[in-house]
Amino acid sequence: MKKLLIGTALSLAVMSSAAMAQDAVSACLITKTDTNPFFVKMKEGAEAKAQELGVTLKAFAGKVDGDHETQVAAIETCIADGAKGILIAASDTSAIVQSVQKARDAGLLVIALDTPLNPIDSADATFATDNFLAGELIGKWAAGKLGAETANAKIAMLDLAVSQPSVDVLRDQGFLTGFGIDVGDANKWGDESDPSIVGHDVTSGNEEGGRKAMENLLAKDPMINVVYTINEPSAAGAYEALKSIGREKDVTIVSVDGGCPGVANVKDGVIGATSQQYPLQMAALGVEAIKAWADSGTKPTPTEGKDFFDTGVKLVTDQPVAGVDSIDTTEGAKLCWG
């Protein structure tokens, strides 16, 4: 009798463990890379919220920015593993749509983080910075800083990738709009006819890419005086290229990210102004949304008047200009990440 009771208890324990494993909520985070500080911090935010909510999180990343194939393979793995949802910062916002649809057809909630898919409703929801506004803020700031010299601007545009993912286009076109330049087709960069634009080059969102892109554009016009950069690592690379020819003091560099190294670079004068975004919040909200989907089948709703959930943006600079709201680097350092 005693053996029977022990056997029954063991059987119930095994059944209980199996039931808990079956009921456990699992989620996937897929980022562009695992080296960019922005995505490192995004992963930290997702992991912290997952631990808080009892969600099992698996993280995947491309080998480099633009590694679409690795992201496709990660989606396939998440579907096969029975995940309840996927958070993805897509490298190719159009090409990934087919794989995202496959995941949604399998019952997964798919949320785009930072980078909206193309079209944006290819994902169930998007948690992101208003990337157009982020670009517009640094464009307005740069125009305000130059003042009357805006008419003599020679602008280098250091973008992300030739595939032009949505985040790339939105920041680029936002900057040009803020600066007062006609963008042509708002859905792509590179077709502008304004003579103040020296050219566009791509950086892969890293320091080495920023340095090479800056060198290429300086070869076209060594008197560039304004540099737009897709993010702060590429801005750091651009600065090194300018420094190598003694032009680091008389060129205005603007960027987007608001990471702690970037805010420090604003304070040190490497970057004139940066638009600060908040990856921890994006990731945490995404994990919360997957948990809610698993528990009750509810989907997140966008910010009123927008087709995505806006996680906020602030301009960080120690050289404020009239008409452009900003915070200084002391405040930016309190809010930074990385």
Side-chain angles (χ1 to χ4, degrees), residues 19-32 34 38-39 41-62 68 70-131 165-167 277-304 306-312:
M20 286 176 66
Q22 187 173 11
D23 293 340
V25 175
S26 62
C28 293
L29 173 68
I30 305 172
T31 56
K32 297 176 185 179
D34 57 7
F38 182 83
F39 297 116
K41 189 55 61 173
M42 183 179 282
K43 181 181 176 183
E44 288 177 10
E47 288 175 337
K49 182 57 68 171
Q51 184 174 13
E52 177 189 328
L53 298 179
V55 172
T56 300
L57 183 73
K58 291 185 177 181
F60 304 85
H68 168 70
T70 295
Q71 291 195 322
V72 170
I75 291 176
E76 294 286 349
T77 298
C78 296
I79 295 171
D81 285 350
K84 293 294 184 181
I86 294 172
L87 307 173
I88 183 167
S91 288
D92 191 320
T93 50
S94 298
I96 203 69
V97 167
Q98 184 176 357
S99 296
V100 166
Q101 188 58 52
K102 184 175 180 180
R104 294 178 71 186
D105 289 345
L108 283 73
L109 182 77
V110 180
I111 296 176
L113 298 183
D114 175 57
T115 306
L117 301 188
N118 186 20
I120 193 168
D121 61 2
S122 300
D124 290 291
T126 301
F127 293 156
T129 305
D130 186 330
N131 282 295
S166 56
V167 65
Q277 50 183 344
Y278 305 103
L280 275 167
Q281 185 177 5
M282 289 178 203
L285 289 169
V287 173
E288 287 179 351
I290 290 174
K291 183 68 163 62
W293 167 253
D295 290 347
S296 62
T298 57
K299 293 184 179 181
T301 55
T303 299
E304 186 175 354
K306 299 185 178 183
D307 53 3
F308 63 98
F309 188 96
D310 186 353
T311 54

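Here the structure is a predicted model, which is why all the values come from computation and not from measurement.
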Test log, rule side chain to side chain contact (heavy atoms under 4.5 Å, CB included), inputs D121 and D307: CA-CA 8 Å; D121 61 2; D307 53 3; over 6 Å; no
All ring-ring contact (aromatic ring centres under 6.0 Å, His included) counterparts of F127, not counting sequence neighbours: F309
Pairing residues for F308 by the ring-ring contact (aromatic ring centres under 6.0 Å, His included) criterion, not counting sequence neighbours: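 ring-ring contact (aromatic ring centres under 6.0 Å, His included) list for F308, sorted by chain: empty.
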Looking at every non-hydrogen atom in both residues, tell me the closest pair between [X] and [Y] and how far apart they are.
X: S94; Y: N118; value: OG-ND2, 3.2 Å
X: A283; Y: L87; value: O-CD1, 4.0 Å
X: A125; Y: P300; value: CB-CG, 3.5 Å
X: A294; Y: K84; value: CB-CG, 3.9 Å
X: I111; Y: A289; value: CD1-CB, 3.5 Å
X: D114; Y: M42; value: CB-CE, 4.2 Å

Donor-acceptor contact present, side-chain Q71 to main-chain T31, <3.5 Å: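 Looks like yes, one N/O pair under 3.5 Å.
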S166 side-chain N/O to P116 backbone N/O, donor-acceptor pair under 3.5 Å: yes
Residue pairs fulfilling salt bridge (Lys or Arg N to Asp or Glu O under 4.0 Å) with at least one residue in residues 48-57, sequence neighbours excluded: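 Counting only pairs at least two positions apart or across chains, the salt bridge (Lys or Arg N to Asp or Glu O under 4.0 Å) contacts touching residues 48-57 are K49-E52, K49-E288.
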Partners passing side-chain hydrogen bond (donor to acceptor under 3.5 Å, both in side chains) against [X] (at least two apart in sequence or in another chain):
X: K102; result: E76
X: T70; result: K63, D67
X: D295; result: K291
X: E44; result: K41

Is there side-chain contact between [X] and [Y], with at least one heavy-atom pair below 4.5 Å?
X: Q277; Y: T311; answer: no
X: D124; Y: W293; answer: no
X: I75; Y: I86; answer: yes
X: L29; Y: K43; answer: yes

Within residues 82-114 or reaching into it, pairs that qualify as ring-ring contact (aromatic ring centres under 6.0 Å, His included) - sequence neighbours excluded: none
Pairs involving residues 83-116, ordered by first then second residue, that meet ring-ring contact (aromatic ring centres under 6.0 Å, His included) (sequence neighbours left out):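 ring-ring contact (aromatic ring centres under 6.0 Å, His included) check on residues 83-116 returns no pairs.
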Among residues at least two apart in sequence or on other chains, which ones pass side chain to side chain contact (heavy atoms under 4.5 Å, CB included) with [X]?
X: T298; answer: A292, S296
X: A106; answer: I79, L108
X: A27; answer: V55, L57, I290

Q98, CD atom: more than 12 neighbouring heavy atoms under 6.0 Å: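 Counting neighbours around CD of Q98, 12 or fewer heavy atoms of other residues, nucleotides or ligands fall under 6.0 Å, so no.
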Pair K58, T77: side-chain N/O donor-acceptor within cut-off below 3.5 Å: no
